[in-house]
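To keep things clear, I will list the structure first and then write my remarks on it.
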Amino acid sequence: MVLDISSLPLAFQFTSPGPILVKIGPLTIRWYGLLIATAVLVGVSLSQYLAKRRNVNPELLSDLSIWLVIGAIPAARLYYVLFEWAEYVKRPEKIIAIWEGGIAIHGAIIGGTIAALTFAKLKRVSFWQLADLVAPSLILGQAIGRWGNFFNSEAFGSPTNLAWRLYIPPERRPSGLESFEYFHPTFLYESLWDLMVFALLLNLFLRGVSGKLRLKAGTLIMVYLTAYSTGRFWIESLRTDSLMLGPLRIAQVVSLTGILAGLAGLAWLYYRKRPLPDVVATE
């Protein structure tokens with residue numbers, strides 16, 4: 001007997017209550033901004049905890065977090081705007097309206113990487129050591145931040161009748177799909193995938209500091225690149241609002257690059273048994 005899950009009660013149907021959490025006079029607090037702020041605070045706290053476990057000064061991670069925010073958030077917005085330029089050129093005043101959504105994690109990773117490399121060089125510390133301490137916080141922050149897409153009714157997938165379907169209001173439905181009410185909650189898929197990657201990275205980290213595993217500098221960030229990119233690649237295939245470059249989904253191209261880079265880095269560390277190139281001399 002085959003169970004038709006599409007006929008189950010809508011116990012898991014998702015419906016956004018709207019993007020605004022509270023509005024008091026001219027002050028508006030949006031879910032999107034609150035979740036991003038929460039992700040940053042949780043990420044900083046976690047990275048400081050991990051630094052202590054590795055006998056690294058936690059204040060170093062506190063200082064790095066400021067650089068990461070300054071580098072990542074503007075880059076995430078710029079990345080998104082550039083690939084949606086045809087729309088933003090018509091409404092240039094919306095370019096800075098980051099509170100309405102529209103940031104790209106791949107842009108944040110690029111901006112954050114540049115900021116971290118600069119920070120590591122100035123502080124004369126290992127970039128890969130810093131990256132390993134940040135990797136679990138990064139993926140956990142992504143898991144939290146994805147729920148901002150839910151409240152904004154964005155970043156959803158194709159139409160579906162699954163029991164865990166997501167209701168999208170008419171004004172947010174893509175052109176040509178206006179007659180459909182329910183869509184894949186890809187924000188949820190990615191959030192759950194990110195939590196699984198977080199569990200993997202945290203487990204590797206704890207086994208490393210306990211001596212059960214001998215992890216080389218750069219291992220965790222390479223596992224992050226491989227694991228996150230693998231999930232993002234297939235989830236992106238469900239999206240209806242992918243950033244495009246001609247016929248290509250940009251996120252899938254970048255994800256494939258991330259998978260190859262992550263696997264190459266791990267092979268370099270454990271097959272070639274050589275350290276990754278760093279901003280400081282390594283033994």
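By convention here, the first residue in the shown sequence is residue 1.
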Could you walk me through whether Leu50 and Val56 pass the side-chain contact (heavy atoms from CB on, under 4.5 Å) test, one step at a time? CA-CA 8 Å; Leu50 298 181; Val56 174; over 6 Å; no
Is there a side-chain contact (heavy atoms from CB on, under 4.5 Å) between Leu238 and Phe183? Walk through the geometry before answering. CA-CA 10 Å; Leu238 297 173; Phe183 298 78; over 6 Å; no
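Using a 4.5 Å heavy-atom cutoff, the side chains of Gln142 and Phe198 are not in contact. Side-chain contact between Tyr32 and Ile103 is present, with at least one heavy-atom pair separated by less than 4.5 Å. Looking at His106 and Ile250, their side chains never come closer than 4.5 Å, going by heavy atoms from C-beta outward. Here the side chains of Ile95 and Trp85 are in contact, with some heavy-atom distance below 4.5 Å. Side-chain contact check for Thr186 versus Tyr189: some heavy-atom pair is nearer than 4.5 Å. In this structure the side chain of Leu243 never reaches within 4.5 angstrom of the side chain of Leu82, judged on heavy atoms. Counting heavy atoms from C-beta on, the side chains of Ser47 and Ser65 never come closer than 4.5 Å. Between Trp128 and Met222, some side-chain heavy-atom pair lies under the 4.5 Å cut-off.
Of all heavy-atom pairs between Val223 and Leu200, the closest is CG1-CD2, 3.8 Å. The two atoms that bring Leu35 and Gly148 nearest to each other are CD1-N, 3.3 Å, heavy atoms only. Shown here for Thr219 and Leu266, the closest heavy-atom pair between the two residues is O-CD2, 4.0 Å. Contact record, Glu178 with Arg173: O-NH1, 2.9 Å, taken as the closest heavy-atom pair. Taking each heavy atom of His184 and Thr160 in turn, the nearest pair found is N-CG2, 3.4 Å. The two residues Arg232 and Ser255 make their nearest non-hydrogen contact at CG-OG, 3.4 Å.
Listed by chain and number, the residues in a side chain to side chain contact (heavy atoms under 4.5 Å, CB included) with Leu188 are Phe14, Trp147, Pro185, Leu192 (sequence neighbours excluded). For Ser242, the side chain to side chain donor-acceptor pair (under 3.5 Å) partners two or more places apart in sequence, or in a different chain, are Glu236, Arg249. With sequence neighbours left out, Phe233 forms a ring pair (Phe, Tyr, Trp, His ring centres under 6.0 Å) with no residue at all.
With hydrogens and angles ignored, the 3.5 Å screen pairs no side-chain donor or acceptor of Asn149 with any backbone N or O of Glu154. A donor-acceptor distance shorter than 3.5 angstrom exists from the side chain of Trp193 to the backbone of Ala227, with no hydrogens or angles considered. The backbone N or O of Pro159 lies less than 3.5 Å from no partner atom in the side chain of Arg165, so there is not a single donor-acceptor pair.
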